[in-house]
Structures are given as structure tokens and as C-alpha cells.
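Chain letters run A, B, ... following the sequence lines, proteins first and then strands; every chain starts at 1. Excluded from the calculations below are hydrogen atoms, water molecules and symmetry mates; all remaining heavy atoms, backbone and side chain alike, are included.
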Amino acid sequence: MRLQAVKGTQDILPRDQAAWLSVSAAAKEVLEAAGAGALTTPIFEYTDVFEKSVGDSADLVVQKEMYTFEDRGGRNLTLRPEFTAGVMRAFIEHGMHTLPQPVKLWSQGPLFRAENVQRGRYRQFHQVNFETIGLDGPLADAEAIELLYRTLRRCGLTRHRIKLGSVGDPEDRQAYNAYLRAELAGIAHELSPVSQERLRLNPMRVLDSKDANDQRLIAGLQRPLDRLGPPARAHLAKVEEYLGAWGVPFDLEPAIVRGLDYYRRTAFEAHYEGIGAQSALGGGGRYDGLIEMLGGPSLPGTGWAFGVERVIDAMAQEPDREAGEAPRPDLFLVPLDDDAVDEAAALAMSLRRAGRWVEFAYQRRNPGKGLRDADRSRARFAAVRGAEERQRRAWQLKDLTSGAQLEVVETDLAAALDERLSKNA
RNA sequence: GUGGGUGUAGCUCAGCUGGUUAGAGCACCGGAUUGUGGUUCCGGGUGUCGUGGGUUCAAAUCCCAUCAUCCACCCCA
């Protein structure tokens with residue numbers, strides 16, 4: 001069998017690295033300026049870490065999509081399918097509740113879910129994640145949303161939208177589910193099979209149905225937002241107020257839904273049209289109670305994550321993205337005889353130590369070939385050395401843009417190159 | 001898990017009503033050019049036609065299976 005990357009995984013080639021690094025740099029810049037510390041956790045954890053965090057809502061899907069395995073010591077391990085659980089485990093394990101509160105943490109790296117692959121959805125994918133732990137007011141939620149919005153902005157996106165909603169408090173959700181069951185009981189048989197199943201397991205999800213007939217049937221029903229209890233309603237109003245004051249554009253989403261039980265109140269997503277069916281760049285919300293579920297102190301939290309692949313996909317859709325020119329080597333050395341090969345190598349090492357990007361031909365070349373090699377390397381300058389130059393302890397330094405060439409004594413080469421590079425820059 | 005599209009050179013693709021030796025452009029390598037590049041010209045195919053099986057005198061082409069990939073459903077912690 002021909003060796004190939006596993007289904008749903010991909011190589012990030014040199015030509016794509018700039019985009020990846022720019023996302024990383026944007027996240028670091030924006031999040032650390034808000035006081036977030038970088039946290040790197042292992043990519044696998046005891047399976048318990050994830051199972052405890054999903055709790056009762058351990059949807060079969062969630063379980064099924066985890067990469068779980070037993071290691072040689074018989075440990076039951078899982079490749080992380082999300083960041084939050086591992087971050088909370090580390091928070092607890094390192095006693096971060098004793099740090100000045102709140103604690104803000106950001107992470108990035110690969111995650112693993114055994115999903116069926118399509119555009120914007122892979123089995124190994126990458127996210128940038130942010131959490132604020134220890135604050136339960138709406139201000140923390142609003143700040144997190146602002147940071148999500150601005151991090152995406154810093155990545156160069158201009159057309160992303162924040163959808164804001166609330167899943168309410170647990171009692172609101174119970175009440176709303178009861179309401180849905182009551183309202184839909186009589187017409188359940190008219191719903192699509194998928195929606196009938198949802199009605200049994202998690203009625204709120206019926207609202208997500210893409211079936212036109214389902215949508216018609218539920219059109220007249222109240223949305224979760226219509227039935228929030230007073231505390232959750234006040235909380236959401238305050239988040240809206242902050243975002244408005246800070247100039248973060250958002251759309252109120254009357255039926256935002258979360259798959260996991262630990263979410264409460266604020267929920268939000270960032271969307272971008274034009275990147276296929278997976279238009280969600282990322283999302284998050286408030287998860288009071290999660291830390292306690294994992295055996296830690298009772299602390300509230302709020303956080304989000306976005307998918308790096310999807311953001312890069314969106315970046316490519318931006319009309320005015322600057323076509324950043326790829327970096328080029330400073331100098332390419334052309335040895336005209338065998339001795340010059342070693343001399344070129346030695347010179348390259350010395351110039352590289354001084355921080356310049358220097359390449360050289362690994363075999364003796366004739367001038368025509370050597371300069372063609374230099375061209376193909378995209379270097380700005382070339383330097384040629386043969387027997388004649390050796391006698392004079394010099395190199396022929398050639399500007400590959402203008403064609404201008406002059407002989408430079410080898411001890412002066414670094415300075416001569418530096419001078420010309422700074423002139424062009 | 002379900003449905004549909006697509007797999008031919010490193011890349012983008014043509015060839016597919018079965019028929020000599022499987023092609024193009026780009027890329028790549030060599031030469032024209034043994035002391036001066038980019039352009040140009042010449043030469044080189046670098047391929048298990050995704051894989052396995054079947055039909056046939058004959059399969060890149062038709063059939064089945066399988067794998068991969070893309071799009072969508074589903075789901076999205």
C-alpha cells in the first residue's frame with residue numbers, strides 16, 4: 001500500500017506556514033494584551049478527563065467520535081477532542097485557584113475527532129482556545145466575546161459576525177424543554193424522524209432542524225430567549241450593553257443551542273459566510289460548574305475556541321488581503337571549482353551566524369548554471385568565486401536585480417552585502 | 001453513519017461510443033553556454049491511468065468491490 005496521510009489529516013506545507021504563523025501571532029498579541037497566559041497541555045489525557053466533563057449529556061456521538069486507546073501500561077487514554085477539559089484539569093492540578101483571580105489562559109494546537117471529513121472539518125484539526133476562570137458576571141463574557149471578535153479581526157478577517165444568545169440557567173432549560181414537549185406532543189408524528197428522536201433526547205435541538213416542514217411546524221413556538229428566567233435575561237442584557245458600548249457588532253440569535261450540559265447563560269458563535277457548510281469559525285460560552293465536575297473548586301468560567309483551518313479558509317476569502325511577498329535569501333554563493341565549494345560553505349556558515357540568509361551550490365558550477373541556480377533560489381545577491389578570485393582573496397558580488405557586479409575582498413563581503421541589503425529594504 | 005461527484009505525471013487537466021507505443025501546459029533535470037543569470041531554443045516522461053477482481057481477442061475507457069478525496073446530510077465538546 002502506498003503510504004499516505006491518514007484520512008482527515010493533512011500536511012501543512014512550507015508555503016502555507018505563513019498563514020498559520022499569522023493566526024498564532026494574532027492570537028498571542030491580542031490575548032496576552034488582555035492578560036492571558038499561554039498554557040500548553042498534552043494532546044492526550046486520561047479518558048476520564050473528557051468523560052467527566054461531558055457528563056450526562058455524553059451524547060453517543062460525543063463518545064463515538066473520541067480517539068480512545070489503551071497504552072502499554074493499561075491506561076485508558078484519549079486524544080483530546082477539545083481544549084477546555086484538559087485546560088481545567090491543568091488548572092486544578094497546578095492549584096491555579098490560588099493565583100490572583102481571574103485566571104485567563106490561552107492555548108493552541110491539534111485536536112482529534114473521528115468525524116466524517118468535509119470542507120472545514122477534519123479528524124486532526126487545530127484550534128486557538130481562550131478561557132477566563134473565576135469571574136461569573138456578564139463583564140467576563142463580554143470581554144471574551146470582544147477578544148474573539150478582535151482576534152479574528154487581527155487575523156485579517158472583516159466579514160465575520162458574532163451570534164449571541166443564551167442557553168439560560170439549568171432550570172430555564174428544563175422549563176423550556178418541558179414547554180417544547182408539551183407544545184409538540186400533539187404533532188410529533190409530523191416531524192422528521194431526526195427531530196422526533198431529538199424531541200425525546202434533547203428537545204431544544206429540534207430547533208436546529210434544517211427540514212423545511214419542521215421549521216414550519218415550530219415557527220410559531222417561543223424561542224429559548226423568550227423564556228429565559230429573570231437572572232439569565234438580565235445577564236444577557238448586560239452582555240449586549242457592553243458589546244454595544246465597545247463597538248463589537250453582533251446579532252442576537254434567539255435559538256442558540258449547545259450540545260453539552262455544563263454550558264449556561266451566555267453562548268456565542270463567530271460565523272463567516274463563504275467557507276462552505278461549516279460556516280462557524282468558532283464559539284464558546286459560560287460553563288459554570290465544569291471545574292467542580294472535574295473535582296476542583298467551585299469556580300465559574302467562560303471561554304471560546306476557533307478553528308484555525310476555518311479561519312485560514314476565511315482569510316483566503318478576504319478581498320483586500322495583502323499578498324505578502326514571500327521572504328527571499330539574501331545571498332547565493334556560486335563556486336566555480338572544487339576548492340570554492342568548501343570556501344562557499346565556510347563563508348555561508350559565517351554569514352549565517354551573523355543572521356543573514358545565505359545559500360550556496362553544493363557542487364562546482366559554471367557561471368551560467370550557477371547564476372541560474374541563484375535565480376531559482378530567488379536570492380537578491382549572488383557571489384561568484386573561482387581561481388582568479390582566489391588569487392585576490394575576493395568574490396564577485398552581483399546584484400541579481402540590477403545586474404551590477406563588482407569584486408569585493410572576502411573580508412569586506414559581509415559589510416558590502418549589509419550595505420546593499422539595507423539600501424534595498 | 002447516509003447520499004452524490006471525482007481519482008490519469010510533482011501540479012492543473014485532456015484522453016473514457018473499448019483498439020497500435022497514454023498526452024498537454026506548468027514544474028523539474030540536462031544541453032545550446034568550460035567565467036556570467038532571468039528570455040529563447042533543443043532534449044528528457046519523471047506514470048503500477050487509486051487498488052483488487054470481473055467481462056473481452058483487446059480495458060485508462062465497461063461492470064463489481066474497495067480505498068482515498070470533494071460536496072452535502074448528520075453532528076460539531
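Residues forming a side-chain hydrogen bond (donor to acceptor under 3.5 Å, both in side chains) with A/His160 (at least two apart in sequence, or on another chain): none. Annotation: side-chain hydrogen bond (donor to acceptor under 3.5 Å, both in side chains) contacts of A/Glu269 (sequence neighbours excluded): A/Arg258, A/His271. By the side-chain hydrogen bond (donor to acceptor under 3.5 Å, both in side chains) test, A/Gln108 pairs with A/Ser24, sequence neighbours left out.
When heavy atoms are screened at a 4.0 angstrom cut-off, A/Gly403 is found touching base atoms of the nucleic acid. Contacts of A/Ala379 with the nucleic acid, taken as non-hydrogen atoms under 4.0 Å apart, are absent. Within 4.0 Å of A/Glu389, counting heavy atoms only, lies at least one base atom of the nucleic acid.
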Listed pairs, N/O of protein and of nucleotides 29-33 of chain B, under 3.5 Å:
from	atom 1	to	atom 2	distance (Å)
B/rC29	OP2	A/Arg376	NH1	2.5
B/rG31	OP2	A/Lys369	NZ	2.5

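Across B/rG15 and B/rC49, the matching C1' atoms stand 10 Å from one another, rounded to whole Å. Straight-line distance between the P atoms of B/rU8 and B/rA14: roughly 10 Å, to the nearest whole Å. Between the P atoms of B/rC11 and B/rC28, the separation comes to 15 Å (whole Å).
At a cut-off of 3.5 Å, with distance as the only test, a side-chain donor of A/Thr84 or A/Glu131 sits close to an acceptor on the other residue.
A/Leu371 places its CG atom 14 Å from the P atom of B/rU34, with the value rounded to the nearest Å. Following rounding to the nearest Å, A/Phe125 (CZ) and B/rC75 (P) show an atom-to-atom distance of 17 Å. If you measure from atom CG of A/Leu397 to atom P of B/rU36, you get 18 Å, rounded to the nearest angstrom. Taking atom CG on A/Leu333 and atom C1' on B/rG37, their separation rounds to 15 Å, with Å as the unit. We find that CD of A/Glu269 is positioned 13 Å from C1' of B/rC75, with the value rounded to whole Å. Between the CG atom of A/Asp375 and the C1' atom of B/rC28 there is a distance of 16 Å, rounded to whole Å. Distance, A/Arg80 CZ to B/rC76 C1': 17 Å, rounded to whole Å. In this structure, CZ of A/Phe332 is placed 14 Å from C1' of B/rG38, rounded to the nearest angstrom.
At distances below 3.5 Å, not a single donor-acceptor pair connects side-chain atoms of A/Asp169 with backbone N or O atoms of A/Asp172.
Counting only Watson-Crick and G-U wobble pairs whose two distances sit under 3.5 Å, RNA chain B takes part in these stems of three or more pairs: B:1-7 with B:67-73, B:10-13 with B:23-26, B:28-32 with B:40-44, B:50-54 with B:62-66.
The side chain of A/Glu82 has B/rA77 as its nearest neighbour among B/rA77, B/rC75, B/rG37. When each of B/rU36, B/rG35, B/rC75 is scored by its nearest atom to the side-chain atoms of A/Leu336, the top-ranked nucleotide is B/rG35.
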Expected string for nucleotides 69-74 of chain B under the B/S/- scheme (protein heavy atoms, under 4.0 Å, primed atoms plus P, OP1, OP2 as sugar-phosphate) is SSSBBB
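For the pair A/Arg264 and A/Tyr287, the NZ or CZ position fails the cation-pi test of under 6.0 Å to the six-membered ring centre and within 45 degrees of the ring normal.
Contact between A/Gly403 and A/Lys398 at its shortest, heavy atoms only, is O-NZ, 3.6 Å.
The base of B/rU36 lies outside donor-acceptor range of the side chain of A/Gln396, with no N or O pair under 3.5 Å.
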